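Notes follow the structure.
Computed from a predicted structure; not experimentally measured. Every heavy atom of this structure was used, including side-chain atoms; hydrogens, water molecules and symmetry mates were not.
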Amino acid sequence: MSDGFAYDVLEYPSHVHPQAHPSRLAAIARLHGIDAASPRACHLLEVGCGDGLQLLTLAMAYPQSRFVGVDLSQVAIARGEAIRRRLGLDNLRLVAADLMTWDPGPDAYDYIVAHGFFSWVPDAVRDRLLALCRQVLSPAGIAYVSYNALPGCHLRRLMWDMLRHHVRDLDDPRARITAARDLLACLETDVAGSQVYGDAVRSEARDLLRRTETSVLFHDDLADTNQPFSISEFAARADPHQLRYLGEADYHEMSDAGLTDDARQRLGQRAAGDRLQREQYLDYLKGRRFRQTLLCRADAPMQDVADAAMARSLFAVGHLRTDDAEDGALDLGAGVAARFHSGDGAMLTTDHPVIKAALAMVGNAFPAALPFEAALAGARDATRSQASLEDDANVLADTWVAAFGLGLLTLHCDPPMFARQAGPKPKANALARMQVEAGSDLVTSLRPSMIRIDSPLALELVRLLDGQRDRERLLHDLAERMAALPMEIEDTDGNGEGKAHSRDPAWWREALAGQLEAGLLQTARMGLLEAD
């Protein structure tokens with residue numbers, strides 16, 4: 001079946017991809033000397049957009065910007081278009097078309113995004129995408145292209161080759177998936193041979209079985225076309241289209257923080273100042289499997305080294321914690337070291353009072369974004385800094401860029417806004433409420449991100465957050481809805497035989513009275529509430 005028809009038969013899961021958000025792309029571009037457009041006033045194209053979920057979130061967040069999505073799947077586009085109409089998003093256009101023949105029109109684009117596209121299309125389509133980037137990117141435009149990367153994907157290629165051979169005579173998607181999973185289960189237990197080979201195959205099979213969604217397995221790992229590229233090969237393909245390597249959307253992927261001092265020195269000698277060579281050798285050392293590469297026009301005024309001064313116009317987001325605070329209070333004194341870390345292992349230690357105070361503010365603001373000037377002013381006040389404003393600003397800007405490179409913070413240009421607290425009549429974003437009404441427990445946050453809500457109570461609360469209900473009305477309606485849910489089953493006698501029972505609205509109202517505010521706060525912290 002054709003690729004387009006395959007996506008019509010078996011839906012690819014819709015997700016938003018924070019790393020492809022224009023607020024992050026603009027921040028990276030500006031750090032490197034390119035005056036990329038603000039997300040608040042930009043023109044963005046997504047190629048291979050599926051049902052346009054990413055674009056829907058952008059169109060809601062930035063009503064003054066224009067967004068276009070193109071995809072070969074008519075079913076996916078129709079699904080997205082139905083949601084677009086319900087949300088009334090006139091700044092978004094979704095198009096079912098073949099990229100090879102699609103006319104992008106005369107207007108330039110500030111951003112072109114192609115996620116999960118490049119490795120899974122024929123060579124001619126890859127070249128068409130790069131040619132399109134050169135044709136319609138604005139002078140300060142940024143292209144985001146993700147692809148499977150070498151050398152890391154050589155290991156996963158073992159699985160692709162085995163699986164495609166195993167399902168070679170099957171056409172039905174469900175039959176292909178079942179057969180593939182059966183083979184993976186056998187590989188996990190039956191593989192023989194050398195320890196190195198056996199460990200590698202078992203690990204890859206286990207990863208595919210336990211971490212990969214069914215439709216992703218079908219469309220990605222069983223696809224007839226799935227071509228990984230080294231960064232050198234990718235850059236060589238972009239070069240004839242007058243496109244230049246800018247960096248990685250996951251900015252910390254370019255860091256050598258995990259290497260020893262000697263390894264860093266050898267890496268620098270091999271790269272000899274060439275950024276692409278440095279990235280290529282980093283891939284050899286890290287075994288990177290997936291890249292999310294940013295390109296700019298070859299004539300753009302790009303700087304290889306980030307200009308920390310540009311961080312002063314940006315916002316920071318970080319889920320930061322420190323183990324050095326006693327009784328919840330961080331010692332901001334000079335010379336007292338504090339270690340800040342994130343959930344994924346990134347870490348930074350500092351004894352500078354202003355830096356400690358600013359990073360603590362970023363952590364306290366999470367998931368909201370904190371502007372540099374607010375962090376600087378707040379940190380200087382908290383520490384009663386005697387240094388000059390310029391000195392404190394410079395050291396904080398250097399730290400923000402360093403923390404961005406480590407993955408401790410993400411930096412943004414004009415990030416999306418959402419409520420940090422629930423107002424008098426809180427309102428969840430309309431897309432999330434639509435998703436819940438459709439029966440999904442996976443909803444779209446305004447951060448943006450995907451949030452899984454595993455509590456029936458929390459799902460019912462999101463349904464009710466339409467901006468029309470105050471606390472009293474919310475409590476009343478939430479109690480009514482909970483009472484109307486299917487009866488619970490309890491083993492009251494301890495004999496394994498459950499008895500059905502129901503709880504009326506009065507019971508629920510009393511039970512929820514002390515929990516509502518905490519639930520609203522949690523909803524805000526998930527980034528689901530619209531700003532007033």
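Of the inter-residue distances, the one linking I142 atom CD1 with L44 atom CG reads 11.5 Å to the nearest 0.5 angstrom. Remark: D51 CG to I77 CD1 distance equals 8.0 Å, nearest 0.5 Å. From C296, atom SG reaches atom CG of L246 across 5.0 Å, with rounding to the nearest 0.5 Å. Note: E480 CD to L464 CG = 11.0 Å, rounded to the nearest 0.5 Å. Here the NE2 atom belonging to H241 is positioned 11.0 Å from the CZ atom belonging to R134, to the nearest 0.5 angstrom. With values rounded to the nearest 0.5 angstrom, L267 atom CG is found 9.0 Å from E279 atom CD.
Nearest approach of G80 to L56, heavy atoms of both residues: O-CD2, 4.4 Å. Of all heavy-atom pairs between G69 and L55, the closest is CA-CD1, 3.4 Å. Residue L187 comes nearest to A205 through the heavy atom pair CB-CB, 4.0 Å, listed as atom of the first residue, atom of the second, then distance. In terms of heavy-atom proximity, R176 sits nearest to V167 at NH1-O, 3.3 Å. Taking every heavy atom of both residues into account, A59 and L92 meet most closely at CB-CB, 4.0 Å. Counting all heavy atoms, side chain and backbone alike, L155 lies closest to A200 at CD2-CB, 4.3 Å.
The existence of a salt bridge linking E253 and R291 is excluded, since no basic side-chain nitrogen approaches an acidic carboxylate oxygen closer than 4.0 Å. Under the 4.0 Å criterion applied to side-chain N and carboxylate O atoms, D207 and R156 are assigned as salt-bridge partners. The pair R202-E188 does not meet the salt-bridge criterion, since no charged nitrogen lies less than 4.0 angstrom from a carboxylate oxygen. Under 4.0 Å is where a charged nitrogen must lie from a carboxylate oxygen, and between K427 and D466 no such pair does. Ion pairing between E204 and R289 holds under the 4.0 Å rule for side-chain N and carboxylate O. Looking at D283 and K286, no side-chain N of the basic residue comes within less than 4.0 Å of a carboxylate O on the acidic one, giving no salt bridge. Salt-bridge check for D127 with R237: passed, with a basic side-chain N closer than 4.0 Å to an acidic carboxylate O. The residues R85 and E81 are annotated as salt-bridged, a charged nitrogen and a carboxylate oxygen being separated by less than 4.0 angstrom.
Between the side chains of S119 and Q227, not a single donor N or O lies within less than 3.5 Å of an accepting N or O. A donor-acceptor pair shorter than 3.5 Å cannot be found between the side chains of H21 and R24.
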L411 and Y251: CA distance, side-chain angles, deciding distance, side chain to side chain contact (heavy atoms under 4.5 Å, CB included) verdict
CA-CA 10 Å; L411 297 183; Y251 198 71; over 6 Å; no
Could you check M526 against S445 for side chain to side chain contact (heavy atoms under 4.5 Å, CB included), going step by step and ending with a plain yes or no?
CA-CA 7 Å; M526 289 189 291; S445 163; 5.7 Å; no
Checking E46 against V70 for the side chain to side chain contact (heavy atoms under 4.5 Å, CB included) test, could you report, in this order, the C-alpha distance in whole Å, the side-chain angles of both residues, the deciding distance, and whether it holds?
CA-CA 6 Å; E46 183 176 357; V70 59; over 6 Å; no
Worked check of side chain to side chain contact (heavy atoms under 4.5 Å, CB included) between D71 and V47
CA-CA 6 Å; D71 196 281; V47 175; over 6 Å; no
Test log, rule side chain to side chain donor-acceptor pair (under 3.5 Å), inputs D250 and Q292
CA-CA 7 Å; D250 272 338; Q292 298 159 110; 3.0 Å; yes
Starting from the C-alpha separation in whole Å, work towards a yes-or-no answer on salt bridge (Lys or Arg N to Asp or Glu O under 4.0 Å) for R278 and D256.
CA-CA 10 Å; R278 184 180 185 278; D256 59 9; 3.2 Å; yes
Could you go step by step and tell me if R288 and E248 meet the salt bridge (Lys or Arg N to Asp or Glu O under 4.0 Å) rule?
CA-CA 12 Å; R288 184 157 27 187; E248 296 299 312; 5.0 Å; no
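F418 places none of its side-chain heavy atoms less than 4.5 Å from the side chain of N429. Contact of the V16 side chain with the M450 side chain is registered, since non-hydrogen atoms from C-beta on lie closer than 4.5 Å. At least one side-chain heavy atom of R275 sits under 4.5 Å from a side-chain heavy atom of Y245. Contact of the R270 side chain with the Q265 side chain is not registered, since no non-hydrogen atoms from C-beta on lie closer than 4.5 Å. At a threshold of 4.5 Å between non-hydrogen side-chain atoms, the residues R481 and L485 do not count as touching. Side-chain contact between H154 and L150 is present, with at least one heavy-atom pair separated by less than 4.5 Å. Using a 4.5 Å cut-off on side-chain heavy atoms (C-beta onward), V462 and V443 make no contact. A 4.5 Å side-chain heavy-atom check between L137 and Y111 finds every atom pair outside the cut-off.
Atom CZ of R86 has 12 or fewer neighbouring heavy atoms from other residues, nucleotides or ligands inside a 6.0 Å radius. Surrounding CD of Q269 are more than 12 heavy atoms belonging to other residues, nucleotides or ligands, all under 6.0 Å away. No more than 12 heavy atoms of other residues, nucleotides or ligands sit less than 6.0 Å from atom CZ of R525.
The only member of L461, I453, T444, V436 that meets side-chain contact (heavy atoms from CB on, under 4.5 Å) when paired with L528 is I453. Applying side-chain contact (heavy atoms from CB on, under 4.5 Å) to H412 and the options P22, P18, P39, S23 leaves one that passes, S23.
Residue pairs meeting the salt bridge (Lys or Arg N to Asp or Glu O under 4.0 Å) criterion with at least one member in residues 442-458, sequence neighbours excluded, are D441-R452.
At distances below 3.5 Å, at least one donor-acceptor pair connects side-chain atoms of T322 with backbone N or O atoms of R339. Using modelled atom types, no side-chain atom of E460 and backbone atom of L478 make a donor-acceptor pair closer than 3.5 Å. Between the side chain of R266 and the backbone N or O of D261 there is no donor-acceptor pair closer than 3.5 Å. Remark: the backbone N or O of A175 is not paired with any side-chain donor or acceptor of T178 at under 3.5 angstrom.
Between F290 and W120, the ring-plane angle classifies as tilted under the 30° and 60° cut-offs. Classification of the F118-F234 ring pair by plane angle, with boundaries at 30° and 60°, yields perpendicular.
Relative to the ring axis of W160, R157 does not place its NZ or CZ within 45° and under 6.0 Å from the centre.
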